[in-house]
Amino acid sequence: MSADLDALLALDDRWNAAYHHGDPGALEGILAADWLGFLPDGTSISRADLITHFPVSPAPTLMIERHAARIHGDTAVTRLTLYEGPARLQSVLRVYSRVDGHWQAISAQIVP
């Protein structure tokens, strides 16, 4: 595995850990200032919206399964699914960009 992929997966894991711990403050070092997300109904949300409405009391049975991680130059994507116990909650495509040698999240698309 390349150092770039290791760094990307570590950042993606930090985002996942923020969900598990209900810690929106952990997103400060992950999300780009101009991060933009898209909800299943097409509504866009800003970085501030995500941090403000981040779940701070996650279900103890929350599980996150990563399905893919790909790097294309200075852009990367990860795809994952969130489960609460056996129930699938949502799938997410996260987009990252490498800026000054460091990965940061620039966008995410959530699908039901």
Side-chain angles (χ1 to χ4, degrees):
M1 192 176 320
S2 75
D4 282 340
L5 185 57
D6 286 344
L8 172 68
L9 294 176
L11 188 63
D12 202 52
D13 286 344
R14 283 180 42 210
W15 192 339
N16 294 343
Y19 268 102
H20 280 291
H21 299 291
D23 182 8
L27 298 178
E28 291 292 335
I30 297 170
L31 305 178
D34 59 350
W35 181 90
L36 186 61
F38 299 92
L39 301 177
D41 67 359
T43 303
S44 63
I45 60 170
S46 69
R47 179 182 191 270
D49 293 334
L50 177 63
I51 291 171
T52 300
H53 299 291
F54 198 74
V56 293
S57 298
T61 58
L62 180 70
M63 184 181 85
I64 300 172
E65 179 181 19
R66 185 170 36 231
H67 302 288
R70 301 284 186 270
I71 295 176
H72 305 277
D74 288 329
T75 305
V77 296
T78 62
R79 186 179 179 292
L80 53 102
T81 300
L82 279 72
Y83 298 91
E84 186 176 325
R88 182 182 165 285
L89 296 176
Q90 62 190 22
S91 291
V92 181
L93 177 73
R94 294 176 179 162
V95 183
Y96 295 89
S97 178
R98 184 175 30 216
V99 177
D100 297 327
H102 297 25
W103 291 107
Q104 60 182 3
I106 59 170
S107 188
Q109 170 72 56
I110 301 167
V111 296

Listed once per pair and sorted, the side chain to side chain donor-acceptor pair (under 3.5 Å) pairs that draw on residues 48-57, sequence neighbours left out: Ser46-Asp49
Which pairs count as side chain to side chain donor-acceptor pair (under 3.5 Å) when at least one residue sits in residues 17-30, sequence neighbours excluded? Glu28-Arg47
What about Leu62 and Leu50, same hydrophobic cluster or not, with Ile/Leu/Val/Met/Phe/Trp/Tyr joined at side-chain heavy-atom distances under 4.5 Å? yes
Residues 99-112, side-chain donor-acceptor partners within the protein, below 3.5 Å, at least two apart:
{"from": "His102", "atom 1": "ND1", "to": "Asp100", "atom 2": "O", "distance (Å)": "3.3"}
{"from": "Trp103", "atom 1": "NE1", "to": "Asp4", "atom 2": "O", "distance (Å)": "3.3"}
{"from": "Ser107", "atom 1": "OG", "to": "Leu36", "atom 2": "O", "distance (Å)": "2.7"}

Check ring pair (Phe, Tyr, Trp, His ring centres under 6.0 Å) between Tyr83 and all other residues, then give those that pass, not counting sequence neighbours. none
Tell me the salt bridge (Lys or Arg N to Asp or Glu O under 4.0 Å) pairs involving residues 69-83, sequence neighbours left out? Asp74-Arg98
Closest non-hydrogen atom pair, Pro55 against Pro58: O-CD, 4.4 Å
Thr81 and Ser91 side chains, donor-acceptor separation under 3.5 Å: yes
Can you list every pair that meets salt bridge (Lys or Arg N to Asp or Glu O under 4.0 Å) and has a residue in residues 57-69, with sequence neighbours left out? Asp12-Arg66, Asp13-Arg66
If hydrophobic clusters are built from ILVMFWY residues whose side chains come within less than 4.5 Å, do Val95 and Trp15 share one? no
Which residue pairs pass the salt bridge (Lys or Arg N to Asp or Glu O under 4.0 Å) test when at least one of the two sits in residues 31-43, sequence neighbours left out? none
Would Leu9 and Met63 show up in the same hydrophobic cluster when neighbours are defined by side-chain heavy atoms closer than 4.5 Å? no
Should Val92 and Phe38 be regarded as members of a common hydrophobic cluster, given that ILVMFWY residues are connected when their side-chain heavy atoms come within less than 4.5 Å of each other, either directly or indirectly? no
So, using side-chain hydrogen bond (donor to acceptor under 3.5 Å, both in side chains) as the criterion, who are the partners of Ser44 when residues are at least two apart? none
From Trp35 atom CH2 to Tyr96 atom OH, the distance as rounded to the nearest 0.5 Å: 10.5 Å
The side-chain contact (heavy atoms from CB on, under 4.5 Å) partners of Pro24 (sequence neighbours excluded) come to Ile51, Phe54, Val56
Begin with the C-alpha distance, continue with both residues' side-chain angles, and end with the deciding distance and a verdict on side chain to side chain contact (heavy atoms under 4.5 Å, CB included) for Leu80 and Leu93. CA-CA 7 Å; Leu80 53 102; Leu93 177 73; over 6 Å; no
